[in-house]
Amino acid sequence: MSNIEKVCIIYTGGTIGMLPPKKNNPLSPLVPATSENLKKFAHFLEKLPVETVFYEMDPIDSSDMNPDYWIDMARVIRNNYNQYSGFVILHGTDTMTYTATALSFLLENIDKPVVITGSQIPITKAGNDAAQNFASAVMFAAPDTFNIPVIPEVSIFFNNKLLRGNRAKKISSFGYAGFDSYNYPILADMGEDIFVNKTVIRKPSEKKIFIYQNLEKNVFSFDIFPGIAHQTIRHIFNIPNLKGVVLKTYGAGNAPTDHKFLKEIETAVNKKNLVIVNVTQCIKGTVKPKRYDAGAKLLSRGVISGADMTQEAALVKMMFLLGCGYDIDTTKKLMQKDLRGEISADAPKK
Ligand code: ASP
């Protein structure tokens, strides 16, 4: 048997593999292309002493990503799990953090790297960031070959950083440094040397991989803004079959204190049994539910604190827990518990 590590490349589309549809007009809006096209420009893979095997899913602009697609990805990983040292998912940047979060929940007990990457510039274009991101992601997915510690979690590689997927934020619509994670240290830094922050990576599981295959789609997320009408909020809470809402609040978890607004919240929690989770609109920091009266009023109406979770993490975690079929109380409890490294255990919850 050969000792060459095998990496499974799951291609889902995104800018990395996109092309202008009109050959004579390079500025025509980019559309997803097949992995065959991408492979022609991925000569650098031949220089890596690993075997790479492509698995093509439906190539999409990641703006078309959806929960069913996430479940399909989880199945591909589970079905191929034993044959590979790790997985690289090529993905559009727009919804990459949602996908990374979803996979972190859907895949339980992993002991191998699942690295998601993409690029701001297609691999076919000069000056692209695709080649570096792609090659680096493959290296993290073949840790023995490159003498890197195994990072057994769902991560995002971009520019020179490996980030925990369910902590990451897309921070630039164009720059090479497209992602960051402000509430959690970076997992690894890539340059001439590779520095892995071993103290912050997850422990490998000794149990067999298990995948969840249900996500609740009847959830919603919205931003509070000055002047938001209580009638608007009532309409949102009245959406048929709605189960949960992520409320994006100001600063440390604050929202309007007026009576009509709070009444809508109270009704949604107590009469409609909605799970409402408070996360901050800020890219850095945590909800401190009792720092201000404007936050404490939400807490006393039954809104739970999402602490330092990103909006993506809170929303997708809600889809996951409700999809598991937990009752409301258990869902609320688990929303505040660290399940996959998505929330800091010591962040204030009450
Ligand atoms: N719209 C593209 C996508 O998310 C953007 C990108 O990949 O950078 O598929």
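Order of appearance sets the numbers: ligands from 1, and atoms from 1 within every ligand. Counting from 1, the numbers follow the sequence of the chain as shown.
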In plain terms, say whether Arg340 and Glu153 are close enough for a salt bridge, that is, a side-chain N and a carboxylate O under 4.0 Å apart. no
Can you see which heavy atom on Pro20 is nearest to which on Ser28, and at what distance? CB-OG, 3.4 Å
In a simple table, one pair per line, please give the protein and ligand 1 atom names for every N or O pair closer than 3.5 Å, along with the distance.
{"unit_1": "ligand 1", "atom_1": "1 (N)", "unit_2": "Asp61", "atom_2": "OD1", "d": "3.0"}
{"unit_1": "ligand 1", "atom_1": "1 (N)", "unit_2": "Asp61", "atom_2": "OD2", "d": "3.0"}
{"unit_1": "ligand 1", "atom_1": "1 (N)", "unit_2": "Asp94", "atom_2": "OD2", "d": "2.7"}
{"unit_1": "ligand 1", "atom_1": "4 (O)", "unit_2": "Ser62", "atom_2": "OG", "d": "2.6"}
{"unit_1": "ligand 1", "atom_1": "4 (O)", "unit_2": "Thr93", "atom_2": "N", "d": "3.3"}
{"unit_1": "ligand 1", "atom_1": "4 (O)", "unit_2": "Asp94", "atom_2": "N", "d": "3.0"}
{"unit_1": "ligand 1", "atom_1": "4 (O)", "unit_2": "Asp94", "atom_2": "OD2", "d": "3.3"}
{"unit_1": "ligand 1", "atom_1": "7 (O)", "unit_2": "Thr15", "atom_2": "N", "d": "3.0"}
{"unit_1": "ligand 1", "atom_1": "7 (O)", "unit_2": "Thr15", "atom_2": "OG1", "d": "2.9"}
{"unit_1": "ligand 1", "atom_1": "7 (O)", "unit_2": "Thr93", "atom_2": "N", "d": "2.9"}
{"unit_1": "ligand 1", "atom_1": "8 (O)", "unit_2": "Thr15", "atom_2": "OG1", "d": "3.0"}
{"unit_1": "ligand 1", "atom_1": "8 (O)", "unit_2": "Thr93", "atom_2": "OG1", "d": "2.5"}
{"unit_1": "ligand 1", "atom_1": "8 (O)", "unit_2": "Ser119", "atom_2": "O", "d": "3.4"}
{"unit_1": "ligand 1", "atom_1": "9 (O)", "unit_2": "Asp61", "atom_2": "OD1", "d": "3.3"}
{"unit_1": "ligand 1", "atom_1": "9 (O)", "unit_2": "Ser62", "atom_2": "N", "d": "2.8"}

Applying ring pair (Phe, Tyr, Trp, His ring centres under 6.0 Å), name anything that partners Phe44, two or more places apart in sequence or on another chain. Phe134
For Lys243, give me all partners under salt bridge (charged side-chain N to carboxylate O under 4.0 Å, His left out), at least two apart in sequence or on another chain. none
Would you tabulate the side-chain donor-acceptor contacts of residues 225-232 under 3.5 Å, counting partners in other chains and residues two or more places apart, or write 'none'?
none

Using a strict 4.0 Å threshold on nitrogen-to-oxygen distance, state whether Asp293 and Lys297 make a salt bridge. yes
